[in-house]
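Reading through the C-alpha cells given below for one structure.
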Amino acid sequence: MNLPNRLTILRTLMIPVFLFFLLTDYAGDCSKWIAVIVFILASLTDFLDGHIARKYNLVTNFGKFMDPLADKLLVSSAMIALVGMHRLSSIVAIIIIAREFIISGFRLIASDNGIVIAASYWGKFKTNFQMFMIIMLIIDLGTSTAVMIENVLIVIATALTIISLVDYLVKNKQVLSEGN
C-alpha cells in the first residue's frame, strides 16, 4: 500500500479519536484542544495524500474511492457533533452534507459513463472554509470578535458549498443527459 493511501487510512482512523476528545471532557479543558489538533492533522493528511499521489503518480482506485469518502466522513462527523453541541445550525450542516451526497452521486453517474470530474477551485475554497469554520467552532473562544468570525466563516462556507454545487452541475450537465 502506497503512502497516499496510508495517509487516507490514517485520516479515517483519526475520526473516532477526534470525536472522542470533541465530545468528552476526558482530558479536561485540554479535550477541545486535542480535538482541534487531531482535526487539523487529519485535514493536513487530506492535502498531503492528494499532493503526493499526483506528484509521484501514485493514484490508485482505492485512493480515488477512499480519499473523498474519508474527507466526507471527517467533515460530516465534525459538523454533526457541532450541531449536537449547539455550535452549528442543523440547516447549515444539512446543506453542506447534502451537497456532498449530491456530488458523490453525480461523480458515480459520471464514472459509470467514463467521465472523470476533477475537483474545482470552488470546491477547494469550500473545503478550506469548512475546515476553518470547524476549527473556530471547536475552539469556541466566546469573544464577540471570535463569534463574528465564526458567523462569517459559516456564511462563506455555506455560500461556497452552494456555489461549488451549482458549478459542478453546470460544468458537467452532460453527465445527466439522456444520451448517457
Side-chain angles (χ1 to χ4, degrees), residues 1-22 33-82 95-139 153 156-176 180:
M1 179 168 291
N2 67 30
L3 179 58
N5 290 343
R6 288 180 185 182
L7 289 171
T8 298
I9 290 170
L10 176 63
R11 181 166 63 257
T12 305
L13 294 173
M14 292 171 88
I15 295 169
V17 175
F18 158 69
L19 289 172
F20 175 78
F21 285 102
L22 180 63
W33 296 106
I34 295 169
V36 166
I37 290 167
V38 172
F39 183 83
I40 290 170
L41 291 173
S43 299
L44 289 174
T45 66
D46 178 28
F47 169 76
L48 282 175
D49 65 9
H51 176 73
I52 293 168
R54 286 184 296 277
K55 183 174 182 178
Y56 296 104
N57 196 26
L58 297 173
V59 176
T60 64
N61 286 334
F62 176 84
K64 287 180 196 175
F65 171 74
M66 275 305 295
D67 179 62
L69 182 59
D71 300 343
K72 287 167 185 43
L73 288 171
L74 177 63
V75 170
S76 296
S77 62
M79 286 192 297
I80 291 167
L82 288 165
I95 289 169
I96 292 172
I97 293 170
R99 182 256 185 215
E100 298 307 326
F101 276 102
I102 292 166
I103 294 300
S104 294
F106 199 71
R107 282 190 164 145
L108 183 62
I109 293 168
S111 175
D112 284 349
N113 291 307
I115 300 168
V116 175
I117 300 176
S120 72
Y121 287 108
W122 286 113
K124 291 179 182 188
F125 290 140
K126 175 232 12 137
T127 299
N128 287 327
F129 273 93
Q130 285 176 0
M131 300 297 184
F132 290 129
M133 173 192 77
I134 290 167
I135 291 166
M136 286 298 296
L137 290 172
I138 294 168
I139 293 172
L153 288 172
I156 292 172
T158 306
L160 288 173
T161 295
I162 295 166
I163 291 167
S164 67
L165 172 63
V166 171
D167 180 60
Y168 269 107
L169 297 176
V170 169
K171 286 183 177 174
N172 299 287
K173 60 186 171 214
Q174 79 279 3
V175 171
L176 297 176
N180 289 331

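Since the structure is predicted, the reported quantities are computational estimates derived from the model, not experimental observations.
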**Message:** Checking T12 now: which residues fulfil side chain to side chain donor-acceptor pair (under 3.5 Å) with it, not counting sequence neighbours?
**Reply:** none
**Item:** Gap separating the CG atom of D46 from the CG atom of L41, nearest 0.5 angstrom
**Value:** 13.0 Å
**Donor-acceptor contact below 3.5 Å, side chain N113 vs main chain I109** = yes
**Request:** Check M131 against S43 and note the closest heavy-atom contact, atom names and distance.
**Result:** SD-OG, 3.2 Å
**Request:** Can you see which heavy atom on M79 is nearest to which on I97, and at what distance?
**Result:** CE-CG1, 3.9 Å
**Asked** With a cut-off of 6.0 Å (strictly less than), are more than 12 heavy atoms of other residues, nucleotides or ligands near CZ of F106?
**Response** yes
**Request:** Heavy atoms only: give me the nearest Q174-K171 pair and the separation to one decimal.
**Result:** OE1-O, 3.6 Å
**Prompt:** Just by modelled atom types, is the Y168 backbone N or O under 3.5 Å from a matching donor or acceptor in the N172 side chain?
**Reply:** yes
**Item:** Distance (rounded to the nearest 0.5 Å) between I163 CD1 and F125 CZ
**Value:** 11.0 Å
**Message:** As an exercise, state the distance from CG of L10 to CG of L48, rounded to the nearest 0.5 Å.
**Reply:** 10.5 Å
**Request:** Go through the side-chain N and O atoms of T127 and D71 and say whether any donor and acceptor fall under 3.5 Å apart.
**Result:** no
**Request:** Can you see which heavy atom on A157 is nearest to which on K126, and at what distance?
**Result:** O-CG, 4.3 Å
**Prompt:** Can you tell if the side chain of D49 reaches within under 4.5 Å of the side chain of R6, non-hydrogen atoms only?
**Reply:** no
**Prompt:** Is the number of heavy atoms from other residues, nucleotides or ligands under 6.0 Å of F62 CZ greater than 12?
**Reply:** yes
Sequence neighbours left out, cut at 3.5 Å: what donor-acceptor pairs do the side chains of residues 15-22 make with other protein atoms?
none

**Request:** Can you see which heavy atom on I52 is nearest to which on P4, and at what distance?
**Result:** CG2-CG, 3.6 Å
**Message:** Ring-plane angle category for F47 and H51, please: parallel below 30°, perpendicular beyond 60°, tilted otherwise.
**Reply:** parallel
**Fill in**
To the nearest 0.5 Å, atom CD1 of I138 lies from atom CD1 of I37 at 11.0 Å
**Complete:** Distance col, row I139:CD1 vs I134:CD1, nearest 0.5 angstrom, shows 12.0 Å
**Message:** Which heavy atom of N5 sits nearest to which heavy atom of G63, and what is that distance?
**Reply:** OD1-CA, 3.4 Å
**Partners meeting side chain to side chain donor-acceptor pair (under 3.5 Å) with S164 (sequence neighbours left out)** = R99
**Message:** To the nearest 0.5 Å, what is the distance between CD1 on I9 and CE on M1?
**Reply:** 3.5 Å
**Prompt:** Should Q130 and T161 be marked as a side chain to side chain contact (heavy atoms under 4.5 Å, CB included) after you check the CA-CA gap, both sets of side-chain angles, and the distance that decides it?
**Reply:** CA-CA 9 Å; Q130 285 176 0; T161 295; 3.2 Å; yes
**Request:** Decide yes or no on side chain to side chain contact (heavy atoms under 4.5 Å, CB included) for M133 and L82, but give the supporting numbers first.
**Result:** CA-CA 11 Å; M133 173 192 77; L82 288 165; 6.0 Å; no
